[in-house]
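Only one structure is covered here, and it is reproduced in the block below.
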Number of protein chains: 2
Amino acid sequence: MTIFPALFTVFTMSDQRETILAAAIELYLREGFEGFSMRKLGRELGVTAPALYRHYEGKEHVLAEIMREAHRTFMSTIYRALEAPTALDRFFRAGEGYLDFSLGHPRWYALMFSGPAQIGMEKFPEDIEAMGAAIHQFWIDRVRECMDAGILKEGDPVQTSLTLWAHAHGLVELYHRGHFQIDVTQFRALFEASGARLMSGVATEAFAEELAQKYLNAEAALNA
Amino acid sequence: MTIFPALFTVFTMSDQRETILAAAIELYLREGFEGFSMRKLGRELGVTAPALYRHYEGKEHVLAEIMREAHRTFMSTIYRALEAPTALDRFFRAGEGYLDFSLGHPRWYALMFSGPAQIGMEKFPEDIEAMGAAIHQFWIDRVRECMDAGILKEGDPVQTSLTLWAHAHGLVELYHRGHFQIDVTQFRALFEASGARLMSGVATEAFAEELAQKYLNAEAALNA
DNA sequence: CCTGTGGCGTAACGGTGTTTAGTGCCAAAA
DNA sequence: TTTTGGCACTAAACACCGTTACGCCACAGG
């Protein structure tokens, strides 16, 4: 938590840089990934495209900046869950927040989880990767809390949070790709039910026991 | 199973159409999404770009054809799991096949799970959507088998297969986006462990019971 | 033999990201 | 007050992109 403000401190941008960013965000949210271009962005600002290169090194850097904004917005949504009184409440509120964000701001969600190649970069800048790691850390903390509260099974919170996160992200992705032919409210119900299934386990008790002995032995021994 | 061959019957293409497709696949697999262009494809074939439009209506249709090929390859990989003797073996072999395919052919995997906008289409053609549905059906069948064999808890196989699929897909996506800073063998281990965790359940028994009553009641009553 | 069609090339249109060179303005220094 | 310097901008250009219109030519069918 103490590292959080430092992560999101931004170098003071010139006024023009901020103006451009605001227009870029507006343009991206309206037109999406394919409809975003430097020339359009310039037009929007009453300026020719090359002028933008005085303030941003290239399109990739503008998109990276939008990506930072996406992360910040996501964070501010998700961090509201910390106001809840118990570990369980915080966990569930965080899950709701995740779902709300992914459904309410699909373009920001898509940008957050797009690879470097998609925005024309080899690798993401370090600070963006750090933002991803911070989100992961948030989930790790929620999971650890719930383990301590006797809600989640004891185990490595890092691994368990990945299981939960992958499940949530996978559902959202499949939904956004249009794989499910259902509406939003149906998807919300599906999301909740699938989450509950993940919590309770999919295998029968007999088989779960067998599996646990095979795959989760070392871990269990570690936490005994 | 009987519907399967019909789904993959293709209209006889002219020789040139097939030649173009072969080169297109080669180009896409080598250069990826961003590096694929009609002009490059023409150059590869010793032909100018407009010539391609005698055989394909546009870039989107070429990419759609590659997408069909991706689905076919995926299917032929995954269907090998059906040779295994028991439901459990088929289920696990299918899971291995999924992981192998996603790691061995990341570009094909990415194409299979890319949205229509990414290839420049409004909506996918019906036959491609049918291929996605066929894959889903494959998982549903594996899940139903395992339910009958007493390996998976009784329930709606459609819902349960979605939970499993979303989890697998989410893990693969997060890995491909470079979120995990681990190598392939470590990821394989993570994938297996996370799968086992999903099977056994993440929540403690007490809380799982509480959850089941809240979310899975109707379903359980239905299957009682 | 003629005709028509199919496959291709050329040129072009409008779009993209980006670089280079030049222009004008404004503020600070002399 | 004049000069200078730097900054934000434009215009033009380069190298791409998807796509269309048009003209050419070779080959098959009548």
Side-chain angles (χ1 to χ4, degrees), chain A residues 11-28 30-67 107 111 114-125, chain B residues 11-67 111 114-125:
Chain A
F11 303 99
T12 47
M13 289 193 283
S14 71
D15 285 359
Q16 196 64 306
R17 215 180 132 94
E18 277 187 76
T19 309
I20 291 172
L21 176 57
I25 290 172
E26 203 270 333
L27 180 61
Y28 169 76
R30 195 185 57 222
E31 305 245 351
F33 220 70
E34 331 292 330
F36 183 89
S37 84
M38 293 299 268
R39 292 180 127 101
K40 266 191 202 167
L41 179 53
R43 223 173 294 142
E44 211 95 337
L45 289 156
V47 140
T48 59
L52 304 171
Y53 286 77
R54 298 274 152 198
H55 306 278
Y56 285 94
E57 223 175 303
K59 187 188 184 184
E60 49 195 356
H61 288 81
V62 180
L63 285 171
E65 203 64 52
I66 304 179
M67 209 164 168
R107 294 231 153 101
L111 191 57
S114 64
Q118 243 151 335
I119 73 169
M121 274 182 161
E122 192 103 355
K123 237 174 124 286
F124 285 128
Chain B
F11 302 99
T12 47
M13 290 191 285
S14 72
D15 287 359
Q16 197 64 305
R17 217 181 130 91
E18 279 187 75
T19 308
I20 291 171
L21 176 57
I25 290 171
E26 202 268 333
L27 179 62
Y28 169 75
L29 289 182
R30 195 186 53 220
E31 307 245 351
F33 220 70
E34 331 293 329
F36 184 88
S37 86
M38 294 299 267
R39 293 180 127 103
K40 266 190 202 168
L41 179 53
R43 225 173 292 144
E44 211 96 339
L45 289 156
V47 142
T48 59
L52 303 171
Y53 285 76
R54 300 275 151 196
H55 307 277
Y56 284 94
E57 222 177 303
K59 186 190 184 183
E60 50 195 355
H61 289 81
V62 180
L63 284 172
E65 203 63 53
I66 305 179
M67 210 164 166
L111 191 57
S114 64
Q118 242 151 338
I119 74 169
M121 274 180 160
E122 193 102 353
K123 237 174 122 287
F124 286 128

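For clarity, every value in this text was computed on a predicted model and none was experimentally measured. So you know, we letter chains A, B, ... as the sequences are listed, proteins then strands, and number each from 1.
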Practice task
Return the set of residues passing side chain to side chain contact (heavy atoms under 4.5 Å, CB included) with A/Ser114 (not counting sequence neighbours), or none when no residue passes.
Solution key: A/Met67, A/Leu111, A/Gln118, A/Ile119
Fill in the blank from the handout: A/Lys123 meets the salt bridge (Lys or Arg N to Asp or Glu O under 4.0 Å) criterion, sequence neighbours left out, with none
Fill in the blank from the handout: Contact string for nucleotides 8-17 of chain C, one letter per nucleotide 5' to 3', B = base within protein heavy-atom range under 4.0 Å, S = sugar-phosphate only, - = neither, reads BBBBB---BB
Practice task
Report the residues that fulfil salt bridge (Lys or Arg N to Asp or Glu O under 4.0 Å) with A/Arg30, sequence neighbours left out, ordered by chain and then residue number.
Solution key: A/Glu26, A/Glu44
Handout entry: side chain to side chain contact (heavy atoms under 4.5 Å, CB included) partners of B/Pro125, counting only residues at least two apart
Key = B/Arg68, B/Met121, B/Asp127, B/Ile128
Handout entry: A/Asp15 CG - D/dC7 P separation (whole Å)
Key = 15 Å
Completion exercise
Rounded to whole Å, CG of B/Leu52 lies from P of C/dG6 at a distance of 18 Å
Practice task
Rounded off to whole Å, could you give me the CZ-to-P distance for the B/Phe33 and D/dC17 pair?
Solution key: 16 Å
Handout entry: Greater than 12 external heavy atoms within 6.0 Å of B/Glu34's CD
Key = yes
Handout entry: Atom-pair distance (OH on B/Tyr56; C1' on C/dG7), nearest Å
Key = 16 Å
Handout entry: Residues in salt bridge (Lys or Arg N to Asp or Glu O under 4.0 Å) contact with A/Glu60, at least two apart in sequence or another chain
Key = none
Problem - B/Glu31 CD to D/dC17 P, straight-line distance once rounded to whole Å - result: 10 Å
